[in-house]
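Just so it is clear, the model here is predicted, and its values are computed rather than measured. Throughout, a chain's letter reflects where its sequence line sits, starting with A, and its residues are numbered from 1.
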2 protein chains.
Amino acid sequence: MTTRRDAVHDTLRRSEGFRSAQDVYAEMRLHGAKIGLTTVYRALQALADKGAVDVLRTDEGESVYRACATDTHHHHLVCRRCGHTVEVAGPTVERWAEAVGSEHGFTEITHTVEVFGTCASCSAPAG
Amino acid sequence: MTTRRDAVHDTLRRSEGFRSAQDVYAEMRLHGAKIGLTTVYRALQALADKGAVDVLRTDEGESVYRACATDTHHHHLVCRRCGHTVEVAGPTVERWAEAVGSEHGFTEITHTVEVFGTCASCSAPAG
DNA sequence: CGCATTTTGACAACCGTTTTCATTTCGACG
DNA sequence: CGTCGAAATGAAAACGGTTGTCAAAATGCG
(Lines give C-alpha, C1' and ligand atoms only; values in the text may rest on other atoms or scores of the structure.)
Protein backbone atom coordinates (compact mmCIF):
# COMPACT_ATOMS: atom_id res chain seq x y z
CA MET A 1 0.00 0.00 0.00
CA THR A 2 2.15 2.78 -1.23
CA THR A 3 -0.40 4.99 -2.94
CA ARG A 4 0.32 7.88 -0.61
CA ARG A 5 4.01 7.46 -0.96
CA ASP A 6 3.68 7.50 -4.72
CA ALA A 7 1.57 10.61 -4.52
CA VAL A 8 4.26 12.29 -2.45
CA HIS A 9 6.88 11.18 -4.92
CA ASP A 10 4.81 12.51 -7.82
CA THR A 11 4.32 15.84 -6.15
CA LEU A 12 8.03 16.08 -5.66
CA ARG A 13 8.68 15.16 -9.26
CA ARG A 14 6.38 17.90 -10.45
CA SER A 15 8.25 20.44 -8.35
CA GLU A 16 11.31 22.22 -9.52
CA GLY A 17 13.67 22.82 -6.67
CA PHE A 18 13.93 21.47 -3.20
CA ARG A 19 10.75 21.41 -1.22
CA SER A 20 10.19 21.09 2.47
CA ALA A 21 7.90 18.43 3.86
CA GLN A 22 5.39 21.07 4.87
CA ASP A 23 5.59 22.52 1.40
CA VAL A 24 4.80 19.20 -0.18
CA TYR A 25 2.00 18.68 2.29
CA ALA A 26 0.49 22.10 1.56
CA GLU A 27 0.65 21.56 -2.16
CA MET A 28 -0.98 18.15 -1.95
CA ARG A 29 -3.79 19.58 0.11
CA LEU A 30 -4.24 22.37 -2.39
CA HIS A 31 -4.71 19.79 -5.09
CA GLY A 32 -7.37 18.16 -3.00
CA ALA A 33 -5.33 15.23 -1.78
CA LYS A 34 -6.48 13.78 1.48
CA ILE A 35 -3.26 13.16 3.28
CA GLY A 36 -1.83 13.95 6.67
CA LEU A 37 1.36 15.73 7.49
CA THR A 38 2.59 12.67 9.35
CA THR A 39 2.22 10.55 6.26
CA VAL A 40 4.09 13.05 4.14
CA TYR A 41 6.98 12.94 6.58
CA ARG A 42 6.96 9.17 6.60
CA ALA A 43 6.77 8.94 2.84
CA LEU A 44 9.61 11.39 2.45
CA GLN A 45 11.76 9.45 4.87
CA ALA A 46 11.02 6.19 3.12
CA LEU A 47 11.80 7.75 -0.23
CA ALA A 48 15.05 9.14 1.12
CA ASP A 49 15.97 5.74 2.54
CA LYS A 50 15.41 4.17 -0.84
CA GLY A 51 17.54 6.85 -2.41
CA ALA A 52 14.66 8.04 -4.53
CA VAL A 53 14.98 11.60 -3.29
CA ASP A 54 17.78 13.93 -2.38
CA VAL A 55 17.69 15.41 1.08
CA LEU A 56 19.54 18.35 2.40
CA ARG A 57 19.32 20.68 5.33
CA THR A 58 18.78 24.36 4.94
CA ASP A 59 20.72 26.76 7.06
CA GLU A 60 17.66 27.00 9.26
CA GLY A 61 17.83 23.30 9.94
CA GLU A 62 14.82 22.41 7.86
CA SER A 63 14.99 19.28 5.74
CA VAL A 64 14.25 19.79 2.08
CA TYR A 65 13.65 17.08 -0.46
CA ARG A 66 13.88 16.71 -4.17
CA ALA A 67 13.11 13.89 -6.54
CA CYS A 68 16.41 12.73 -7.95
CA ALA A 69 16.82 13.90 -11.51
CA THR A 70 19.79 11.70 -12.03
CA ASP A 71 20.87 8.63 -10.22
CA THR A 72 24.47 9.63 -10.22
CA HIS A 73 26.10 11.38 -7.35
CA HIS A 74 26.08 15.13 -7.75
CA HIS A 75 26.13 18.35 -5.83
CA HIS A 76 24.24 21.58 -5.92
CA LEU A 77 25.09 25.09 -6.80
CA VAL A 78 22.49 27.28 -5.21
CA CYS A 79 21.84 30.97 -5.75
CA ARG A 80 21.61 32.63 -2.38
CA ARG A 81 19.29 35.26 -3.74
CA CYS A 82 16.71 33.45 -5.82
CA GLY A 83 17.34 29.86 -4.86
CA HIS A 84 18.00 28.82 -8.43
CA THR A 85 19.74 25.47 -8.32
CA VAL A 86 22.14 23.84 -10.72
CA GLU A 87 23.23 20.27 -10.40
CA VAL A 88 26.94 19.94 -10.75
CA ALA A 89 28.96 16.82 -11.13
CA GLY A 90 32.33 17.04 -9.50
CA PRO A 91 34.83 14.31 -10.15
CA THR A 92 37.42 16.66 -8.77
CA VAL A 93 35.78 17.07 -5.42
CA GLU A 94 34.99 13.36 -5.24
CA ARG A 95 38.62 12.50 -5.65
CA TRP A 96 39.64 15.20 -3.24
CA ALA A 97 37.32 13.89 -0.56
CA GLU A 98 38.63 10.37 -1.06
CA ALA A 99 42.17 11.61 -0.94
CA VAL A 100 41.95 13.66 2.24
CA GLY A 101 39.99 10.89 3.86
CA SER A 102 42.40 8.08 3.18
CA GLU A 103 45.30 10.39 3.88
CA HIS A 104 44.03 10.46 7.46
CA GLY A 105 43.22 6.78 7.60
CA PHE A 106 39.50 7.21 7.10
CA THR A 107 37.47 4.70 5.16
CA GLU A 108 33.94 4.56 3.77
CA ILE A 109 34.18 8.19 2.90
CA THR A 110 31.12 10.20 2.08
CA HIS A 111 30.78 13.91 1.81
CA THR A 112 28.32 16.71 1.57
CA VAL A 113 29.12 19.68 -0.56
CA GLU A 114 26.94 22.68 -1.18
CA VAL A 115 28.15 25.58 -3.21
CA PHE A 116 26.42 28.91 -2.80
CA GLY A 117 26.75 32.00 -4.91
CA THR A 118 24.86 34.78 -6.56
CA CYS A 119 23.64 33.77 -9.98
CA ALA A 120 24.09 35.88 -13.10
CA SER A 121 20.59 37.34 -13.12
CA CYS A 122 20.68 38.20 -9.45
CA SER A 123 24.06 39.87 -9.66
CA ALA A 124 22.99 41.95 -12.66
CA PRO A 125 23.27 45.72 -11.89
CA ALA A 126 19.55 46.25 -12.38
CA GLY A 127 19.15 43.77 -9.56
CA MET B 1 30.31 44.25 28.73
CA THR B 2 31.35 41.07 27.10
CA THR B 3 32.32 39.03 30.11
CA ARG B 4 29.72 36.38 29.38
CA ARG B 5 30.64 36.22 25.77
CA ASP B 6 34.28 35.79 26.69
CA ALA B 7 33.36 33.09 29.14
CA VAL B 8 31.50 31.26 26.41
CA HIS B 9 34.43 31.67 24.09
CA ASP B 10 36.80 30.36 26.73
CA THR B 11 34.65 27.35 27.40
CA LEU B 12 34.66 26.59 23.72
CA ARG B 13 38.40 26.98 23.53
CA ARG B 14 38.88 24.50 26.33
CA SER B 15 36.73 21.98 24.53
CA GLU B 16 38.06 19.64 21.95
CA GLY B 17 35.51 19.02 19.26
CA PHE B 18 32.32 20.69 18.28
CA ARG B 19 29.96 21.46 21.09
CA SER B 20 26.31 22.29 21.00
CA ALA B 21 24.97 25.40 22.67
CA GLN B 22 23.28 23.31 25.31
CA ASP B 23 26.52 21.45 25.85
CA VAL B 24 28.41 24.64 26.44
CA TYR B 25 25.67 25.84 28.72
CA ALA B 26 25.71 22.66 30.76
CA GLU B 27 29.47 22.74 31.13
CA MET B 28 29.49 26.34 32.21
CA ARG B 29 26.89 25.63 34.84
CA LEU B 30 28.91 22.65 36.04
CA HIS B 31 31.83 24.94 36.58
CA GLY B 32 29.64 27.20 38.63
CA ALA B 33 29.12 29.90 36.06
CA LYS B 34 25.97 31.87 36.49
CA ILE B 35 24.72 32.19 32.98
CA GLY B 36 21.48 31.57 31.17
CA LEU B 37 20.88 29.43 28.15
CA THR B 38 19.61 32.44 26.23
CA THR B 39 22.85 34.26 26.81
CA VAL B 40 24.88 31.30 25.65
CA TYR B 41 22.92 31.24 22.41
CA ARG B 42 23.39 34.94 21.93
CA ALA B 43 27.09 34.77 22.70
CA LEU B 44 27.55 31.90 20.30
CA GLN B 45 25.75 33.75 17.55
CA ALA B 46 27.79 36.87 18.12
CA LEU B 47 30.98 34.82 18.08
CA ALA B 48 29.92 33.13 14.89
CA ASP B 49 29.12 36.49 13.31
CA LYS B 50 32.58 37.71 14.19
CA GLY B 51 34.03 34.58 12.70
CA ALA B 52 35.56 33.62 16.00
CA VAL B 53 33.91 30.22 15.98
CA ASP B 54 33.07 27.60 13.39
CA VAL B 55 29.46 26.58 13.14
CA LEU B 56 28.03 23.55 11.50
CA ARG B 57 24.81 21.64 11.55
CA THR B 58 24.61 18.05 12.64
CA ASP B 59 22.45 15.65 10.72
CA GLU B 60 19.85 16.14 13.42
CA GLY B 61 19.70 19.82 12.68
CA GLU B 62 21.48 20.90 15.83
CA SER B 63 24.00 23.70 15.55
CA VAL B 64 27.41 22.90 16.92
CA TYR B 65 30.19 25.36 17.56
CA ARG B 66 33.92 25.26 17.87
CA ALA B 67 36.51 27.87 18.60
CA CYS B 68 38.52 28.36 15.45
CA ALA B 69 41.91 26.78 15.73
CA THR B 70 43.10 28.53 12.66
CA ASP B 71 41.87 31.65 11.02
CA THR B 72 42.22 30.22 7.56
CA HIS B 73 39.40 28.62 5.72
CA HIS B 74 39.27 24.90 6.21
CA HIS B 75 36.94 21.96 6.26
CA HIS B 76 36.33 19.02 8.50
CA LEU B 77 36.82 15.35 8.21
CA VAL B 78 34.59 13.73 10.78
CA CYS B 79 34.52 10.14 11.94
CA ARG B 80 30.95 8.96 11.83
CA ARG B 81 31.60 6.52 14.63
CA CYS B 82 33.51 8.40 17.27
CA GLY B 83 33.17 11.95 16.06
CA HIS B 84 36.91 12.45 15.86
CA THR B 85 37.52 15.52 13.74
CA VAL B 86 40.44 16.51 11.58
CA GLU B 87 40.76 19.92 10.06
CA VAL B 88 41.67 19.72 6.43
CA ALA B 89 42.74 22.46 4.13
CA GLY B 90 41.60 21.96 0.60
CA PRO B 91 42.97 24.23 -2.08
CA THR B 92 41.64 21.71 -4.55
CA VAL B 93 38.08 21.96 -3.42
CA GLU B 94 38.31 25.74 -3.11
CA ARG B 95 39.36 26.02 -6.70
CA TRP B 96 36.76 23.52 -7.78
CA ALA B 97 33.99 25.46 -6.08
CA GLU B 98 35.13 28.67 -7.68
CA ALA B 99 35.36 26.98 -11.05
CA VAL B 100 31.93 25.37 -11.09
CA GLY B 101 30.44 28.56 -9.76
CA SER B 102 31.83 30.91 -12.35
CA GLU B 103 31.22 28.33 -15.01
CA HIS B 104 27.53 28.85 -14.32
CA GLY B 105 27.79 32.60 -13.98
CA PHE B 106 27.68 32.62 -10.20
CA THR B 107 29.66 35.14 -8.20
CA GLU B 108 30.54 35.59 -4.54
CA ILE B 109 30.91 31.89 -4.20
CA THR B 110 31.01 30.23 -0.84
CA HIS B 111 30.71 26.59 -0.05
CA THR B 112 30.21 24.13 2.72
CA VAL B 113 32.01 20.86 2.64
CA GLU B 114 31.87 18.12 5.22
CA VAL B 115 33.65 14.88 4.72
CA PHE B 116 32.55 11.88 6.73
CA GLY B 117 34.26 8.56 7.10
CA THR B 118 35.22 5.89 9.54
CA CYS B 119 38.54 6.65 11.16
CA ALA B 120 41.37 4.17 11.45
CA SER B 121 40.70 3.19 15.08
CA CYS B 122 37.00 2.77 14.50
CA SER B 123 37.45 0.63 11.43
CA ALA B 124 39.97 -1.61 13.19
CA PRO B 125 38.73 -5.23 13.31
CA ALA B 126 38.67 -5.28 17.09
CA GLY B 127 36.14 -2.49 16.83
C1' DC C 1 22.99 59.69 42.95
C1' DG C 2 19.65 59.61 39.00
C1' DC C 3 18.61 58.36 34.49
C1' DA C 4 19.12 56.14 29.91
C1' DT C 5 21.03 52.20 27.65
C1' DT C 6 22.54 47.63 27.33
C1' DT C 7 22.87 42.99 28.93
C1' DT C 8 21.02 39.34 31.17
C1' DG C 9 18.12 35.24 32.00
C1' DA C 10 13.71 32.82 33.35
C1' DC C 11 10.14 31.52 30.87
C1' DA C 12 7.02 31.14 27.16
C1' DA C 13 6.44 30.85 22.37
C1' DC C 14 7.82 28.82 17.96
C1' DC C 15 8.41 25.56 14.52
C1' DG C 16 9.79 21.55 12.29
C1' DT C 17 9.74 16.93 13.33
C1' DT C 18 8.57 12.61 15.69
C1' DT C 19 5.72 9.81 18.52
C1' DT C 20 1.41 8.04 20.10
C1' DC C 21 -2.55 5.66 19.45
C1' DA C 22 -7.06 4.86 17.78
C1' DT C 23 -9.05 4.14 13.33
C1' DT C 24 -9.05 2.63 8.62
C1' DT C 25 -7.46 -0.05 4.84
C1' DC C 26 -5.58 -4.04 2.65
C1' DG C 27 -4.46 -8.88 1.99
C1' DA C 28 -4.99 -13.57 3.12
C1' DC C 29 -7.75 -17.18 4.27
C1' DG C 30 -11.82 -19.79 4.73
C1' DC D 1 -18.37 -12.44 0.90
C1' DG D 2 -17.02 -12.13 5.99
C1' DT D 3 -13.37 -12.17 9.39
C1' DC D 4 -8.90 -11.69 11.24
C1' DG D 5 -4.36 -9.58 11.64
C1' DA D 6 -0.84 -6.67 9.89
C1' DA D 7 0.31 -2.44 7.97
C1' DA D 8 -0.84 2.32 6.86
C1' DT D 9 -2.94 6.49 8.10
C1' DG D 10 -3.64 10.93 10.41
C1' DA D 11 -5.05 14.03 14.29
C1' DA D 12 -3.20 15.59 18.06
C1' DA D 13 0.19 15.65 21.58
C1' DA D 14 4.93 15.46 22.67
C1' DC D 15 9.59 16.75 21.78
C1' DG D 16 13.78 19.43 21.35
C1' DG D 17 16.44 23.01 19.78
C1' DT D 18 16.14 27.71 19.11
C1' DT D 19 14.28 32.35 19.42
C1' DG D 20 11.38 35.96 21.39
C1' DT D 21 9.54 38.49 25.43
C1' DC D 22 10.02 41.36 29.07
C1' DA D 23 11.26 42.68 33.56
C1' DA D 24 15.30 42.96 36.48
C1' DA D 25 20.13 43.90 36.94
C1' DA D 26 24.41 45.90 35.40
C1' DT D 27 26.78 49.61 33.16
C1' DG D 28 27.86 54.22 31.49
C1' DC D 29 27.29 59.05 31.81
C1' DG D 30 26.39 63.55 33.77
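- Between A:A67 and A:V53, the closest heavy-atom pair is CA-CG1, 4.1 Å.
- Between the side chains of B:Y41 and B:Q22, at least one donor-acceptor pair of N or O atoms lies under 3.5 Å.
- Proximity of B:T39 to the phosphate of C:dG9: a side-chain N or O atom is located under 4.0 Å from OP1 or OP2.
- Remark: C1' of C:dT7 and CG of B:D6 are 14 Å apart, rounded to the nearest angstrom.
- Salt bridge annotation for B:R14-B:E27: absent, with no cationic side-chain nitrogen under 4.0 angstrom from a carboxylate oxygen.
- Atoms NE2 and CG, from B:H9 and B:L44 in turn, are 9.5 Å apart once rounded to the nearest 0.5 Å.
- For DNA chain C, none of the residues of residues 23-33 of chain A falls under the heavy-atom distance limit of 4.0 Å.
- With rounding to whole Å, B:I35 atom CD1 is found 14 Å from C:dA10 atom C1'.
- Here the side chain of A:R13 pairs no donor or acceptor atom with the backbone of A:R66 at under 3.5 angstrom.
- With hydrogens and angles ignored, the 3.5 Å screen pairs a side-chain donor or acceptor of A:R29 with a backbone N or O of A:I35.
- Heavy-atom minimum distance, A:L12 versus A:V24: CD1-CG2, 3.7 Å.
- Taking atom CG of B:L44 as the reference point, atom C1' of D:dG17 lies 13 Å away to the nearest angstrom.
- Rounded to an integer number of Å, the gap from A:R4 CZ to D:dA8 P is 13 Å.
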What string of B, S and - do you get for nucleotides 17-22 of chain C, 5' to 3', if B is base contact, S is sugar-phosphate-only contact and - is no contact with any protein heavy atom under 4.0 Å? BBB---
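- No donor-acceptor pair closer than 3.5 Å links the side chain of B:S102 to the backbone N or O of B:G105.
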